[in-house]
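Note sheet for the following structure.
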Amino acid sequence: MNEKNKAILFNPLSKDNPVTVQMLGICSALAVTSKLEPAVIMAISVTAVIAFSNLIISLIRNSVPGRIRIIVQLLVVAALVTVINEILKAFAYDVSKQLSVFIGLIVTNCIVMGRLEAFALGNKPWPSFLDGIGNGLGYGLILVIVGFFRELFGSGTLWGFRLIPEAFYEAGYANNGLMILPPMALILVACVIWIHRSKDKNLQEK
Amino acid sequence: MNKEGNTYTLIYSVVIVVLVALLLAVTSQTLRPKQAQNEAIDKIRQILTSINLSSTNSNAEQLYKEYITDAYLVDAQGNRTEGDAFDTEPAAELTKPEAERKYPVFEATIDGNKKYILSMRGAGLWGPIWGFISLDDDKNTVYGASFSHEGETPGLGAEIEKPEFTKEFIGKKFFDKAGNFVSIAVVKAGKTVQGQDYVDGISGGTITSQGVNAMLKASIGAYEPFLKIKL
């Protein structure tokens with residue numbers, strides 16, 4: 001893997017992060033991060049969908065007419081997600097039951113369309129595939145960070161396991177109800193952005 | 001051919017739409033039988049969950065045969081009628097006039113005691129929610145419950161299918177002391193209600209919790225004549 005591809009794969013994890021720098025995919029970051037488990041499932045699914053839709057769009061990029069490119073992109077993403085869901089339903093029903101609620105959220109995730117439009121339409125298939133993986137992981141990273149804090153302080157659990165002992169509750173500790181409501185996800189994402197930018201001066205707007 | 005021309009654009013869109021439609025149709029058709037089988041097993045597992053039995057995909061059918069001793073339909077007057085309880089979809093029944101609806105009842109025998117399993121269907125925030133609830137042989141006290149949903153928000157409304165929520169129902173009663181059907185209320189955590197049993201709803205899943213509340217009232221309410229026939 002040469003330097004350029006490495007940058008394509010790893011930049012989205014930090015200085016090109018889709019959520020904290022490109023400001024994409026915020027809405028789904030609010031929806032699925034109240035617990036850690038759905039956040040991880042969503043991260044994996046989105047990574048797979050961006051990578052493969054990037055690959056397909058990149059393969060047909062030279063034939064797509066400019067005026068209907070957005071519709072073509074949407075069609076590819078929607079078809080891909082539906083076919084994957086149908087296959088899971090037939091061969092891994094339990095996984096599909098978990099995922100089916102995410103399907104709508106994946107199709108409408110702006111990162112998917114954003115990467116297709118910004119990268120896949122102008123690059124070769126292999127870099128496009130890497131770009132998809134990188135952006136999916138960058139998105140997943142933020143989801144996991146936010147999900148970790150929301151579940152820990154909102155429900156006192158992590159991945160469904162109780163972490164804050166009963167004794168704390170008896171001593172008067174209470175779960176923070178605000179944590180499981182969507183606004184807290186925004187505040188946490190903002191905190192991540194704040195820390196990220198104070199560490200990386202290049203990201204600060206002049 | 002000019003790639004940005006009208007003809008090319010038109011032909012391109014027709015071709016790609018037809019291709020995608022074919023792909024989807026073929027996938028859906030070839031996988032349908034396998035999916036239907038999975039759905040049936042899933043339904044069996046939900047029924048088993050409502051009588052507090054945990055199952056796997058492989059042993060579900062065997063457990064079902066072992067525990068479910070009878071399955072039949074009851075009509076709006078509570079009388080037993082003809083029909084297959086397992087294949088009766090509550091969603092399809094809801095489209096019929098009230099007097100013609102039939103409701104499935106499954107009887108399970110656990111340690112020599114008879115349990116009645118009733119089917120429910122309602123609406124959550126994003127789509128349908130459904131479930132099964134099992135009652136002791138007094139046709140009043142809840143023995144177990146299971147809920148399922150199509151697309152409730154993960155981590156919020158979707159929590160209704162977790163045992164933390166369903167086990168709250170155990171021991172609750174649908175009828176008050178005077179024998180009137182009052183249902184079981186789902187309330188905001190910490191709130192109370194007078195005159196009926198209640199369980200705590202899901203915090204952050206208010207609309208879904210209200211959906212469960214309405215579903216219990218409507219779906220179990222439909223069984224009222226049947227539940228009032230005491231043996």
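Using a 4.5 Å cut-off between heavy atoms, B/Glu164 makes no contact with chain A at all. With a 4.5 angstrom heavy-atom cutoff, B/Thr153 touches chain A only via side-chain atoms. Using a 4.5 Å cut-off between heavy atoms, A/Ile60 touches chain B through backbone and side chain atoms alike. For chain B, no part of A/Thr33 is nearby; none of its heavy atoms comes within less than 4.5 Å.
Put simply, of B/Leu23, B/Ile41, B/Asp42, B/Val20, the one with the most heavy-atom pairs under 4.5 Å next to chain A is B/Asp42. Ranked by non-hydrogen atom pairs under 4.5 Å with chain A, the options B/Leu24, B/Thr27, B/Thr9 are led by B/Thr9. Most heavy-atom pairs under 4.5 Å with chain A: of the set B/Arg32, B/Glu152, B/His149, B/Glu39, this distinction falls to B/Glu39. Ranked by heavy-atom pairs shorter than 4.5 Å toward chain B, the options A/Asn62, A/Asn175, A/Val76 are led by A/Asn62. Annotation: maximal heavy-atom pairing with chain B below 4.5 Å, among A/Ile41, A/Val72, A/Ile87, A/Val64, occurs at A/Val64.
Using a 4.5 Å cut-off on side-chain heavy atoms (C-beta onward), B/Gln35 and A/Tyr93 make no contact. Within the 4.5 Å cutoff, the side chain of B/Asn38 has no heavy atoms near those of the A/Phe91 side chain. Taking 4.5 Å as the limit, every side-chain heavy atom of B/Ser13 sits out of range of all side-chain heavy atoms of A/Ile71. Counting only heavy atoms from C-beta outward, the side chains of B/Glu159 and A/Lys35 approach each other to under 4.5 Å. Using a 4.5 Å cut-off on side-chain heavy atoms (C-beta onward), A/Arg67 and B/Asn6 make contact.
For the atom pair CE (A/Met179) and OG (B/Ser203), the distance works out to 14.0 Å, reported to the nearest 0.5 Å. Distance CG/B/Leu19 to CG/A/Leu75: 9.5 Å, rounded to 0.5 Å. Considering CD of A/Glu86 and OG1 of B/Thr30, their distance stands at 8.5 Å, rounded to 0.5 Å.
Between the side chain of B/Glu4 and the backbone N or O of A/Gly66, at least one donor-acceptor pair lies under 3.5 Å. Formation of a donor-acceptor pair under 3.5 Å by the B/Tyr12 side chain with backbone atoms of A/Ile68 is not found in this model.
In this structure, B/Tyr72 places its OH atom where more than 12 heavy-atom neighbours from other residues, nucleotides or ligands lie under 6.0 Å away. The number of heavy-atom neighbours closer than 6.0 Å to CD of B/Glu66, taken from other residues, nucleotides and ligands shown, is above 12. Applying the 6.0 Å contact sphere to CH2 of A/Trp159 captures more than 12 heavy atoms from other residues, nucleotides or ligands. The number of heavy-atom neighbours closer than 6.0 Å to CZ of A/Phe168, taken from other residues, nucleotides and ligands shown, is 12 or below.
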